[in-house]
Amino acid sequence: MDKKVLPVIEFKNVGLSFDNNTILKNVSFEIEAGQFYTLLGPSGSGKSTILNLISGQLSADAGEILFDGKVINNIPAESRRVNTVFQNYALFPNMTVFDNVAFGPKLKKLPKDTIKAKVREMLALVKLEAFENRAIQELSGGQKQRVAIARALANEPDVLLLDEPLSALDYKLRKQMQSELRAIQKRLGITFIFVTHDQEEALAMSDWIFIMNDGKIQQNGTPVDIYDEPINHFVADFIGESNIVNGVMKQDYLVNFVGKDFENLDAGMRPNEAVEVVLRPEDLDLVPIEQGKLVVTIADQSFRGDFYEITAIDDDGNEWKVQATNPSSVGARVGLDFGPEDIHVMRFNESEDDFDARIESYEGE
Amino acid sequence: MQKKLLGNSYLLLVMILLYIPIIFLVVYSFNGGTIMSGWGGFSFVHYQELFADTRLLKILLDTFILAISSATIAAFIGTVGALFLDGIQNKKTLNTFLSFNNVLLVSPDVTIGVSFLILFTILGFSLGFVSVLVSHIAFSIPIVLLMVLPRLREMDNTLVMAARDLGAKRGTILSQIVIPEIWPSIMAGFLLALTYSLDDFAVTFFVTGNGFSTLSVEIYSRARQGVSLEINALSALMFAVSLLLVFTYYLYTTYADKKARLTK
């Protein structure tokens, strides 16, 4: 990320705990204006907590939260220039669609005409022009979601927070809302911080992803970086499908796993360091035995529409997930092939800074 | 089938037994004669007597003024109390408060009446409309609280979070989000308090002085000289009013339920 631009939000060593339960541990990060960020992690990882700290619904026990360079730890939620789209929509049931969207602008005591124009603009943005006078109870789940987005945007926030907003929608609607949200973000040019536990959603929508687990940021980066170069077992396992086996890094660009040496593209580790090796199922190919790097037996196969998901077992008993375009037959002995670029090596307990520095050291050569 | 028939007839019998005295009372309010024994033909004469009895009509009016004012004030205080209790996070403290509230609900009216009489006497407070009003408010507050608090607890807290998020301060959140959400329960509490006040006898009997009386107390004192059929006519009218109130309450709660269910 280009560090010259002043971040719109910055966390400095922020921590939070409830009744001796640590929710966030010493979290630091920066958010730049105008980007689509995603906080991705399993439930209980602390991602919604970060959102509530930004919006001011929670206050931090330790550390500083900066907004536009100023500390906002003690600024109440109602005075912050951020707005939230809630998971359950949280629309006011006693008001119409119009009054829900107008709630923020009305509090600012704007002239009536301005409010009306603003509400209409927002409803047009989410394609609900004709729904002004509807009661909330008459809307479908997808429409409620749109009203919630319009209501939050009507306050013209610098940053929009979205707390798992699509998780209650069905698959098709979710896909559609994903691209619409992305389009809205691009059009308005404001910062979106999106919370989700759905890795596919995160990869599809984000400019930048923070992966959370155990109250800590595990890794941050672009979707491609994170997918191709996960920092540890958790990230590799959480993002996409993966085969993870233990190995030993014999020397730079040479790794040993399942009893064989393989050339690879990783470096910067101690000789003979114990590591974990990641191979993505879509990078593995099933070939005739003599052409493969490993010999495996097909144990299971299921049709997934655009590919076959195949589970194969090598002679050491390791399980390999493979995505293949052509079907195989269960029980067959075949070869498993992959190239040096398909092997990704992870060290145990490597910090993000060390990871970045190491990669820079040999990729910069 | 037979079992069902048996069950239904049993229910019918119980209902008839419960309602026979009231039906009897209403029928005899139209009696042309002067006593409950012997039917002197259909007549509105006791209703005419009733409407000519200005003392009784004034008491009727007083009773309603008392009920409406006590229920209104109790609805307000009870709602504030419920809002306060809802803010208590500590379960133990909350349960202590709720237990005190429930003790008031189940304690006999006589106890409440006597204790208020003692309190007013000690304070040197003169007995009359105000003393009755104060005691009616006191026994109505727990009723309102019991109606409003569950609704508050059920309320989706993200609504308050959303309002804050959009820039609303506490006062606005209360008036525009919370009160509209719990309004049906406040109304239900008000109506219930109204009926409790209307037909209260025991508490009122103790704390009312000369010059102020409510219907139940007045009817009681008149009945000691033998019940005049004028009282039948009045009771019939009051029964009609009660029916109306119960019906309104029913309509209101089913409407509120339906609305609440639609919201979810």
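Within every chain, numbering begins at 1; the chains are lettered A, B, ... in the order of the sequence lines, protein sequences first and strands thereafter.
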Step through the shown structure and confirm whether more than 12 heavy atoms of other residues, nucleotides or ligands are within 6.0 Å of [atom1] on [X].
| X | atom1 | value |
| --- | --- | --- |
| A:D113 | CG | no |
| B:Y19 | OH | no |
| A:K25 | NZ | yes |
| A:K127 | NZ | no |
| B:F205 | CZ | no |
| B:F76 | CZ | no |
| B:F97 | CZ | no |
| B:Y196 | OH | no |

Which value, rounded to the nearest 0.5 Å, describes the distance between B:L166 atom CG and A:K106 atom NZ?
-> 12.5 Å
Heavy-atom contact with chain B under 4.5 Å, split by part of [X]:
| X | answer |
| --- | --- |
| A:L107 | side chain |
| A:R151 | both |
| A:F103 | side chain |
| A:T84 | both |

Please test B:V160 against A:Q57 for side-chain contact (heavy atoms from CB on, under 4.5 Å), starting from the C-alpha separation and ending with a verdict.
-> CA-CA 10 Å; B:V160 173; A:Q57 305 281 2; over 6 Å; no
Within the distance-only criterion (no hydrogens, no angle test), does the side chain of B:D165 pair as donor or acceptor with the backbone N or O of A:A77 below 3.5 angstrom?
-> no
Verify, without hydrogens or angle tests, whether A:N94 (side chain) and B:P180 (backbone) share a donor-acceptor contact under 3.5 angstrom.
-> no
Of all the heavy-atom pairs spanning B:A168 and A:E78, show the shortest one and how long it is.
-> O-CB, 3.7 Å
Residue among A:N83, A:L161, A:N52, A:I136 with most heavy-atom pairs under 4.5 Å to chain B = A:N83
Pick from B:R164, B:Q176, B:K169: which one has the most heavy-atom pairs with chain A under 4.5 Å?
-> B:R164
Under 4.5 Å to a heavy atom of chain A? For B:L159 that would be both
